[in-house]
Amino acid sequence: MATDQSVLLCDVCQKRHLNKSAEEYCPQCEEALCRECRDHHKLSKLLKSHQTITVDKYNKLPSFIKQISQNCEEHDCFLEFYCKSHDALCCKLCLISGHKECKGTIFIEDFLKPLTGHQSAALDNIEKVLQDLQSNICSAIKDRNRNLTELREQKRVIEEQIKEKRKEINNLLDNLEEELLQKVSIHEKTNCREIEEIITKLEDEKEKVDEIQKEVESVKMFASNLQIFMGTKTFQESISTNEINVQQVYDNGSLNNVTMKCTFNEKLEGLIKHIKTFGDVEIDNSEKHVSFSWKGDLSAQFKPKSVAKSIETINVRLGRRININSKSITGCAISEAGNMLFLQAHSNRMMKYAPNGEFISESRINPETSGIGYDLAVIDSNTVAVSSGGNDPQQIYLIDMNSTKRVKFFNWGTGVAV
């Protein structure tokens, strides 16, 4: 099969030792088709459901998308499932032979659920992260250019201050004045050069983001669902690298605001006898005038495997703030579905919130008592265990998270389920 070529030949005709230019491409068959073969392809009972794309659209896809195979190498069947346990694509036969006991096996079509064309939730989230990167890089470049202008203006003001002070003293200060001006110039050039290097680095990251955005756009328009599914991982890995590079620029102090100011010697009045220098230049780069915003979340779908970080390189930032309007929260947990569960100390109630922070429900732990409930733990996808917190009755309750009804409870002393 021809892949990365501007002109594709019909794969079916080539098997008959004929060379015909292809007009369309079938991702599911992984074959380029000429006009005649395309017509047969659409009339075939088994193949008429296949969605073909034009060769022009196919050539616009990233090369790694084109190389994604649609069929199982072992069984030569269409890949329709994804096993989270094994991080592997499966066909129907794979599912029967090797993944019967696996939990979390999903149908790829259900995962993608395209809204318009080939758009999927995974690509939507990638676009959000790319928008974040684009916005943060542009903000950083704008801030660095502002700092360049600010430094040059400060240099101009300092030079005027120096020259004005120079007029108040005699010719003996000529050498000292020149020395200080050179010091200002050196600091300005050094720091401006460093800022310009950061701008160059940020512009390079911006170009990478622009290129990924173009690839995402072409994938949205022309790639198959499976190609989108597999290509999403590659996009996430590339974006993760861009995000880390941009965040490192932020964290290593490269975006710290650099300022200069001049301090004059207090003994200028007695300069003939005492002054050895004309002044000094101070550099302050401890403050940032720009902040980054990360609204997209690469982990919202499936996150690519990454190398473990050392504690020195780990950066923590607030992801979301949840207002539960309650004090003395002593227990919290996250269910397998991503819902958040909270307990208020000895209030006999469990509060349930959606991943976006929206309130879902509130349930009583025990219908007869009120001073219980201290901590909780998720048992499985449907059940949560809640402790009484030492108050009578001293028990551990198992509660169905879906119906919010008590399933059973255990007495602490006997360990017997009731």
Minimum heavy-atom separation for C34 and C10, please, with both atom names. N-SG, 3.4 Å
With distance as the sole test, does S240 use its side chain to make a donor-acceptor pair with the main-chain N or O of Q236 at under 3.5 Å? yes
More than 12 foreign heavy atoms under 6.0 Å from OH of Y374: is that the case here? no
Indicate yes or no: at least one non-hydrogen side-chain atom of S218 is less than 4.5 angstrom from one of M221. no
Has D143 got a side-chain atom pairing as donor or acceptor with S139's backbone, closer than 3.5 angstrom? no
Would you confirm whether D284, through its side chain, and V258, through its main-chain N or O, come within 3.5 Å as a donor-acceptor pair? no
How many angstroms lie between SG in C26 and CZ in R38, if you round to the nearest 0.5 Å? 13.0 Å
Do T54 side-chain atoms and E24 backbone N/O form a donor-acceptor pair below 3.5 Å? no
All heavy atoms of Q51 vs all of P27, minimum pair found to be O-CD, 3.4 Å
C94 side, atom SG; H99 side, atom NE2 - distance, nearest 0.5 Å: 5.5 Å
Test K233 against D87 for side chain to side chain contact (heavy atoms under 4.5 Å, CB included), laying out the working first. CA-CA 12 Å; K233 283 189 175 182; D87 187 25; 2.6 Å; yes
Does any donor atom in the side chain of N252 or Q248 lie under 3.5 Å from an acceptor atom in the other side chain? no
Do Y25 and K57 touch side chain to side chain, with heavy atoms closer than 4.5 Å? no
With distance as the sole criterion, is a donor-acceptor pair present between the side chains of S224 and Q227 under 3.5 Å? yes
State whether a side-chain donor-acceptor pair under 3.5 Å links N242 with E205. yes
Which atom pair, heavy atoms only, marks the closest approach of D11 to A32? OD2-N, 2.6 Å
N/O donor-acceptor pair under 3.5 Å between S347 side chain and L343 backbone: no
Checking side-chain contact (heavy atoms from CB on, under 4.5 Å) against R144, which of V249, I195, T149 comes through? I195
Rounded distance (nearest 0.5 Å) linking atom CD of E217 with atom CZ of F222: 8.5 Å
Flag side-chain contact, heavy atom, 4.5 Å: L33 against E23: no
Does E160 have more than 12 heavy atoms from other residues, nucleotides or ligands lying within 6.0 Å of its CD? yes
Looking at every heavy atom in both A333 and V378, which two are closest together, and how far apart are they? CB-CG2, 3.9 Å
Atom pair CG (L8) and CG (N59), whose distance is rounded to the nearest 0.5 Å: 5.5 Å
Any luck finding a side-chain donor-acceptor pair between D380 and T383 under 3.5 Å? yes
Is it true that R156 and E153 make a salt bridge, defined as a side-chain N closer than 4.0 Å to a carboxylate O? yes
How long is the straight-line distance from CD of Q134 back to CD of E127, given to the nearest 0.5 Å? 12.0 Å
Distance check, rounded to the nearest 0.5 Å: L95 atom CG versus L79 atom CG? 11.5 Å
Would L151 and K155 count as a side chain to side chain contact (heavy atoms under 4.5 Å, CB included) if you check the C-alpha gap in whole Å, the side-chain angles of each, and the deciding distance to 0.1 Å? CA-CA 6 Å; L151 279 170; K155 174 178 177 287; over 6 Å; no
Close side-chain approach of M350 to F342, heavy-atom, < 4.5 Å: no
Heavy-atom donor-acceptor pair, S135 side chain to Q131 backbone, under 3.5 Å: no
What verdict does the side chain to side chain contact (heavy atoms under 4.5 Å, CB included) test give for E178 and Q182, after you've listed the backbone C-alpha separation in whole Å, the side-chain angles of each residue and the deciding distance to 0.1 Å? CA-CA 6 Å; E178 183 62 24; Q182 289 179 356; 3.5 Å; yes
For a ring-ring contact (aromatic ring centres under 6.0 Å, His included) check, start with the C-alpha distance between F229 and Y82, then their side-chain angles and the critical distance, and finish with the verdict. CA-CA 10 Å; F229 179 80; Y82 173 74; 5.2 Å; yes
Test salt bridge (charged side-chain N to carboxylate O under 4.0 Å, His left out) applied to D204 and K201, K206, K208, the passing residue: K208
Heavy-atom side-chain contact between K261 and Q154 under 4.5 Å: no
Ion pair E150/R146, N-O distance below 4.0 Å: yes
Is M260 close to I283 at the side-chain level, that is, under 4.5 Å between some pair of heavy atoms? yes
Parallel, tilted or perpendicular: rings of Y250 and F292 (30°, 60°): tilted
Does S185 reach the main-chain N or O of L181 with its side chain, forming a donor-acceptor pair under 3.5 Å? no
Fit a plane to each ring of F107 and F81, take the angle between them on a 0 to 90° scale, and name the class: parallel (under 30°), tilted (30 to 60°) or perpendicular (over 60°). tilted
Closest heavy-atom pair and its distance - L180, C262: CD2-SG, 4.0 Å
Minimum heavy-atom separation for N256 and N147, please, with both atom names. O-OD1, 4.0 Å
Can you check whether H86 reaches C102 side chain to side chain, under 4.5 Å on heavy atoms? yes
Report yes if some heavy atom in the side chain of Y353 is under 4.5 Å from a heavy atom in the side chain of M351; otherwise report no. yes
Dump the intermediate steps for side chain to side chain contact (heavy atoms under 4.5 Å, CB included) on N339 and I334, then the final yes or no. CA-CA 6 Å; N339 294 321; I334 298 179; over 6 Å; no
